[in-house]
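Just so it is clear, the model here is predicted, and its values are computed rather than measured. Note on naming: letters A, B, ... go to the chains in the order of the sequence lines (proteins, then strands), and numbering restarts at 1 for each one.
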Protein chains: 2
Amino acid sequence: MNFKESHHLILNNISRFIHLTELEKQKYVSLLTEIRVKKKDFLMQAGEITKYEYFITKGCLKVYTLDEDGAPHISMFAIEDYWTGDISSFMTKEPSRYYIKATEHSELLGISRTNYDVLFQEIPKFERFYRILYQRSLISYIRRSNHGISLTAEERYIIFKKKYPQIINRITQKDLAAYIGITPEFMSKIISKVNRM
Amino acid sequence: MNFKESHHLILNNISRFIHLTELEKQKYVSLLTEIRVKKKDFLMQAGEITKYEYFITKGCLKVYTLDEDGAPHISMFAIEDYWTGDISSFMTKEPSRYYIKATEHSELLGISRTNYDVLFQEIPKFERFYRILYQRSLISYIRRSNHGISLTAEERYIIFKKKYPQIINRITQKDLAAYIGITPEFMSKIISKVNRM
DNA sequence: TAAAAGTCTTAAACTAGTTCATTTTTTTTC
DNA sequence: GAAAAAAAATGAACTAGTTTAAGACTTTTA
């Protein structure tokens, strides 16, 4: 059996948690859709019902909401080997409040809501895969929500820099500010202060 | 087959996502441990390795960390029909950074780490149950982490009050402040302001 | 490759939230 | 049910982070 590079990447990601036979691998990749999105283009926009859960094989994207004043708040940056999407809209089939925009030319594999359900019927082992995937995401979001209410912006910046060195060089300071939850002006002050230390 | 009241509660919670046969129900409840904890007593403390994932059948508990200054930051309040614990320490078997303290006399059902693994082997359907449970928790923590960095304390208070009316009357204003992420003094100001509106 | 658009920096005036100290009110305990 | 302990309220002085504005630097686009 011969898989393309993107399929190798996603199968390798999955193999960290569950073991699949060659036949299951074939079945699984047959349920995926390939998606390309150019820099600055949207993978999805607020108001739409999320059609896919995504796995990034190349590039970088930002997932964000806009508040009443039109200010962006970035929920996550997704690069190669990351999963992303709006799990809430994907599950409830209600319109999303999120935008997903490529900050670099990106390539993704998507699984549609229909195929997501088929997947569980045909290869129940995937319940385990997603159980573990969501469990791990949950751990990091519990931590992030605690940091948001208990740490200063400077502390959150230092943690982000340490935890995601491979991301920080690929994003603008403005987007980093929208992720940390402060204005770009204050982000600029923090960075020059931390660098001076 | 005759189950006690607490077993009825937990089985009813589980039946929202998966269907169990009578035999599976019996098997499942045999893996649970009953726990009682008096008001102001700890269910667990920072430094311990989390032994159980908990389901609350009666009472109210707060899950919190202490920062370097000794100030508490509450991650969640758990009441009847809620699941709680420290999923990170439970999975990694590393010492927890959380305290769980009963704010009322409470009764819980716990599943140990060993039995959690046995459960998946014996009733693989539980992978699906936990997949859905974690997926839903994830959705609410993603939202909470966004609120923490994008909303004012007053907005977070109004949202909490609307979303958890059954909890707000059971907790102190001080604990609410530790959940919202502000000082008790500022919480007091916000509440009197919002009530005046 | 010049012009336009977007990003980053700096600074002054402002606001949301903290700190500290004191008093009042409510809850707990014996 | 009185005394002690904890929670809530209030206010003044403070700090982290915002707003607005303007200039310098960098990237994108025609």
Side-chain angles (χ1 to χ4, degrees), chain A residues 38-41 60 62 64 66-74 77 99 101-105 146-161 167-197, chain B residues 38-41 59-60 62 64 66-74 77 101-105 146-161 167-197:
Chain A
K38 279 186 297 185
K39 185 168 177 169
K40 290 190 183 174
D41 278 359
C60 183
K62 55 184 177 187
Y64 63 97
L66 293 179
D67 66 22
E68 302 114 40
D69 307 330
H73 297 283
I74 296 179
F77 296 103
Y99 297 82
K101 196 177 200 175
T103 63
E104 300 172 6
H105 167 84
N146 271 281
H147 287 173
I149 59 165
S150 66
L151 301 181
T152 62
E154 185 177 320
E155 291 168 319
R156 279 177 272 148
Y157 164 65
I158 291 168
I159 288 169
F160 183 84
K161 198 179 169 184
I167 293 181
I168 210 157
N169 302 310
R170 290 168 76 169
I171 59 175
T172 62
Q173 220 166 282
K174 203 183 166 198
D175 279 347
L176 180 56
Y179 177 88
I180 297 288
I182 54 174
T183 58
E185 291 86 346
F186 194 50
M187 187 80 256
S188 173
K189 269 184 206 165
I190 286 175
I191 289 175
S192 73
K193 184 189 165 197
V194 171
N195 289 344
R196 259 183 285 118
M197 297 201 304
Chain B
K38 279 185 299 183
K39 184 168 178 169
K40 290 192 184 174
D41 278 358
C60 183
K62 54 184 177 186
Y64 63 97
L66 293 179
D67 66 22
E68 302 114 39
D69 307 329
H73 297 283
I74 295 178
F77 296 104
K101 196 177 198 173
T103 64
E104 298 174 6
H105 167 85
N146 271 283
H147 287 174
I149 60 164
S150 66
L151 301 181
T152 62
E154 185 176 321
E155 290 168 319
R156 279 177 272 147
Y157 164 65
I158 291 167
I159 288 170
F160 183 85
K161 197 179 169 184
I167 292 182
I168 210 157
N169 303 311
R170 288 167 78 168
I171 59 176
T172 63
Q173 220 166 281
K174 203 184 166 197
D175 279 346
L176 180 56
Y179 177 90
I180 297 287
I182 55 175
T183 57
E185 292 88 343
F186 194 50
M187 188 78 257
S188 171
K189 273 180 203 166
I190 286 175
I191 290 174
S192 73
K193 184 189 165 199
V194 171
N195 289 343
R196 257 184 285 117
M197 297 198 308

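- Counting to the nearest Å, the P atom of D:dA7 and the CZ atom of B:Arg170 are 18 Å from each other.
- Using bins of under 30°, 30° to 60° and over 60° for the plane-to-plane angle, the ring pair A:Phe160/A:Tyr179 lands in the tilted bin.
- The shortest distance between the side-chain N/O atoms of B:Gln173 and the OP1/OP2 oxygens of D:dA6 is not below 4.0 Å.
- Only one option out of B:Ile190, B:Ile74, B:Ile168 pairs with B:Leu176 in a side chain to side chain contact (heavy atoms under 4.5 Å, CB included); it is B:Ile168.
- Ranked by how close their nearest DNA chain C nucleotide is to the 5' end, B:Lys40 and A:Ile191 are led by A:Ile191.
- Here the P atom of nucleotide D:dT15 and the CG atom of A:Leu151 are 20 Å apart, to the nearest Å.
- Annotation: of the two residues near DNA chain D, A:Phe186 and B:Pro184, the 5′-most nearest-nucleotide partner is B:Pro184.
- A donor-acceptor contact shorter than 3.5 Å links the side chain of A:Asp67 to the backbone of A:Asp69.
- Nucleotides of DNA chain D nearest to A:Glu185 and B:Ile171 differ in position, and the one nearer the 5' end is that of B:Ile171.
- Look at CG on B:Asn169: it is 17 Å from C1' on D:dA7, rounded to the nearest Å.
- Considering only the side chain of A:Ala153, D:dG17 comes nearest among D:dA8, D:dG17, C:dT28.
- Across all strands shown, B:Thr152 has heavy atoms under 4.0 Å from sugar-phosphate atoms exclusively, and none from any base.
- As rounded to whole Å, 20 Å separates atom P of D:dT15 from atom CD1 of B:Ile182.
- Neither OP1 nor OP2 of D:dA16 sits under 4.0 Å from any side-chain N or O of A:Lys189.
- Using a 4.0 Å heavy-atom criterion, one finds that B:Thr183 contacts the bases of the nucleic acid, with or without backbone contacts as well.
- Contact of the A:Phe77 side chain with the A:Asp175 side chain is registered, since non-hydrogen atoms from C-beta on lie closer than 4.5 Å.
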